[in-house]
Amino acid sequence: MTGELSPIDKAKFVAAKRAVDFVEDGMRVGLGTGSTAAWMVRCLAEVVRQDGLKIRAVPTSTRTAALARELGIEVVSLDEAKWLDLTIDGADEFDGDLNLIKGGGGALLQEKIVATASDQMIVIADAGKEVGALGAFPLPVEVIPFGWQTTKALIEEMLVSIDVLGRSTSLRMNGDRPFVTDEGNHILDLHLGRIGNARQLAMVLNQVPGVVENGLFIDICDVVVVGYGDGRVETRDINQGTVETEKLDFVESENLFRDID
Ligand code: 5RP
């Protein structure tokens with residue numbers, strides 16, 4: 001089965017597998033959303049099943065919650081867990097300071113709440129997600145449906161005075177309807193090309209009425225685990241200033257790669 005994985009899926013898989021090493025018995029763990037996070041949930045479920053690791057998990061979307069439950073991970077709400085030891089999630093982009101763009105999967109609101117309520121956030125990503133400056137990936141901004149066109153216009157007006165390359169915005173669609181998040185909101189994607197000052201933009205965006213949250217994660221991520229298609233993983237810890245490289249084997253496991261309904 002692993003022979004069928006593309007290099008990018010192998011990269012996501014090894015990053016996910018390495019990040020699961022950070023999970024210890026008794027921890028409360030935030031589970032991210034997206035294809036890389038789904039590998040992590042599968043790897044984590046293997047450790048729960050095989051080694052009897054006891055954890056309580058807080059998923060960041062209905063999708064991740066369904067996968068975790070299906071694979072036998074105990075799922076609790078953030079209000080039940082109150083605070084988390086660790087969150088492991090993917091990202092759409094990360095820079096050298098481990099600032100991120102997230103929300104490509106539309107789950108940025110829960111992802112930001114959960115990551116912020118964690119002692120540590122670990123991002124898992126294939127090497128293609130690393131950028132010199134954030135912004136090539138369209139920045140997702142969650143807005144309430146009421147008056148979303150006005151919110152969009154206000155954001156565009158605000159962007160005129162912001163250091164970015166592009167300023168177009170678009171409503172994310174799901175077929176011929178607006179995409180709806182788990183909280184019943186919409187997503188505006190901001191096509192900025194390059195963000196000069198991500199910290200400033202993150203603060204200014206959240207002051208626009210109608211904006212619920214934006215996909216810039218500034219000073220939230222502590223560790224990034226970067227996966228490569230040949231099995232190499234690089235673990236960078238921004239607080240400790242360390243970089244460790246190792247090579248992981250692809251382990252055949254029917255359970256790990258089985259299809260989930
Ligand atoms: C979902 C996210 C994801 O973490 C991000 O989109 C990366 O996804 P993938 O691992 O599928 O590339 O932010 O809201």
Side-chain angles (χ1 to χ4, degrees), residues 5-20 29-44 57-68 78 84 86-95 98-116 118 121-131 134-143 170 172-174 178-192 195 198 202 205 211-218 220-229 233 260:
L5 290 183
S6 66
I8 198 141
D9 275 328
K10 283 183 181 172
K12 290 177 181 188
F13 172 73
V14 289
K17 190 169 189 294
R18 173 68 184 91
V20 165
V29 183
L31 306 178
T33 294
S35 56
T36 321
W39 282 119
M40 178 273 298
V41 173
R42 286 170 181 256
C43 292
L44 186 58
V58 175
T60 52
S61 62
T62 50
R63 264 172 294 160
T64 299
L67 180 63
L78 182 58
L84 304 176
L86 178 66
T87 284
I88 306 174
D89 199 351
D92 299 301
E93 282 185 354
F94 67 93
D95 68 11
L98 306 196
N99 292 323
L100 320 170
I101 286 184
K102 285 188 51 56
L108 68 97
L109 179 55
Q110 289 190 25
E111 288 172 339
K112 201 181 258 191
I113 294 170
V114 167
T116 305
S118 304
M121 181 196 196
I122 298 178
V123 160
I124 46 178
D126 58 274
K129 303 280 184 68
E130 181 164 16
V131 293
L134 299 172
F137 190 91
L139 174 64
V141 177
E142 183 154 345
V143 299
S170 55
R172 191 177 298 180
M173 302 297 287
N174 183 11
F179 176 86
V180 178
T181 68
D182 276 351
E183 277 69 37
N185 296 317
H186 295 328
I187 298 275
L188 296 176
D189 289 307
L190 277 46
H191 306 268
L192 307 174
I195 301 170
L205 272 170
V211 169
V212 181
E213 192 48 86
N214 68 81
L216 285 166
F217 284 47
I218 309 294
I220 295 177
C221 174
D222 301 285
V223 174
V224 65
V225 182
V226 187
Y228 296 84
V233 270
I260 308 293

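When reading the values below, keep in mind they use all heavy atoms of this one structure, side chains included, and skip hydrogens, waters and symmetry mates. Whatever order the structure lists ligands and atoms in, that order sets their numbers, starting from 1.
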Numbered in order shown, the ligand 1 atoms found under 4.0 Å of a heavy atom of Asp89 are 4 (O)

How far apart are the C-alpha atoms of Ile122 and Val225, what are their side-chain angles, what is the distance that settles it, and do they pass the side-chain contact (heavy atoms from CB on, under 4.5 Å) test? CA-CA 7 Å; Ile122 298 178; Val225 182; 3.8 Å; yes

Any chance you could lay out the side-chain contact (heavy atoms from CB on, under 4.5 Å) test for Leu139 and Leu216, step after step, and finish with the verdict? CA-CA 7 Å; Leu139 174 64; Leu216 285 166; 3.7 Å; yes

Pair His186, Thr181: side-chain N/O donor-acceptor within cut-off below 3.5 Å: no

Holding to side-chain contact (heavy atoms from CB on, under 4.5 Å), I want the full list of residues that pass it with Thr116, two or more places apart in sequence or in another chain. Lys112, Ile220

Establish, from distance only, whether the side-chain atoms of Thr62 and Asp182 form a donor-acceptor pair under 3.5 Å. yes

Please could you name the atoms of ligand 1 that Gly34 approaches to less than 4.0 Å, counting only its heavy atoms? 11 (O)

Taking side-chain contact (heavy atoms from CB on, under 4.5 Å) as the definition, give me every residue that meets it alongside Glu93, ordered by chain and number, with sequence neighbours left out. Ile101, Val131, Leu134, Ala136, Phe137

Nearest non-hydrogen protein atom, atom 5 (C) of ligand 1: Asp92 OD1, 3.1 Å

Taking atom 3 (C) of ligand 1 as the point of reference, which of Thr36, Ile101, Thr33 owns the nearest heavy atom? Thr33

Looking only at protein heavy atoms, which one is nearest to atom 1 (C) of ligand 1, and how far off is it? Glu111 OE2, 3.1 Å

Numbering as shown, the atoms of ligand 1 that approach Gly103 to under 4.0 Å (heavy-atom distance): 2 (C), 13 (O), 14 (O)

Answer with side chain, backbone, both or neither: which part of Ala91 has a heavy atom less than 4.0 angstrom from an atom of ligand 1? backbone

In terms of residue, atom name and distance, what is the protein heavy atom nearest to atom 12 (O) of ligand 1? Lys129 NZ, 2.8 Å

Check whether any N or O atom of Gly105, backbone or side chain, sits under 3.5 Å from an N or O atom of ligand 1, and answer yes or no. yes

What atoms in ligand 1 come closer than 4.0 Å to a heavy atom of Gly104? 6 (O), 13 (O), 14 (O)

Distance under 4.0 Å to a non-hydrogen atom of Gly106: what atoms of ligand 1 satisfy this? 14 (O)

Atom 9 (P) of ligand 1: which of Ser35, Ala16, Gly90 has the nearest heavy atom? Ser35

Kindly indicate whether a cation-pi arrangement holds for Lys129 with Phe94, taking the cut-offs as under 6.0 Å to the six-membered ring centre and within 45° of the axis. no

Do NZ/NE/NH1/NH2 and the carboxylate oxygens of Asp92 and Lys102 come within less than 4.0 Å? no

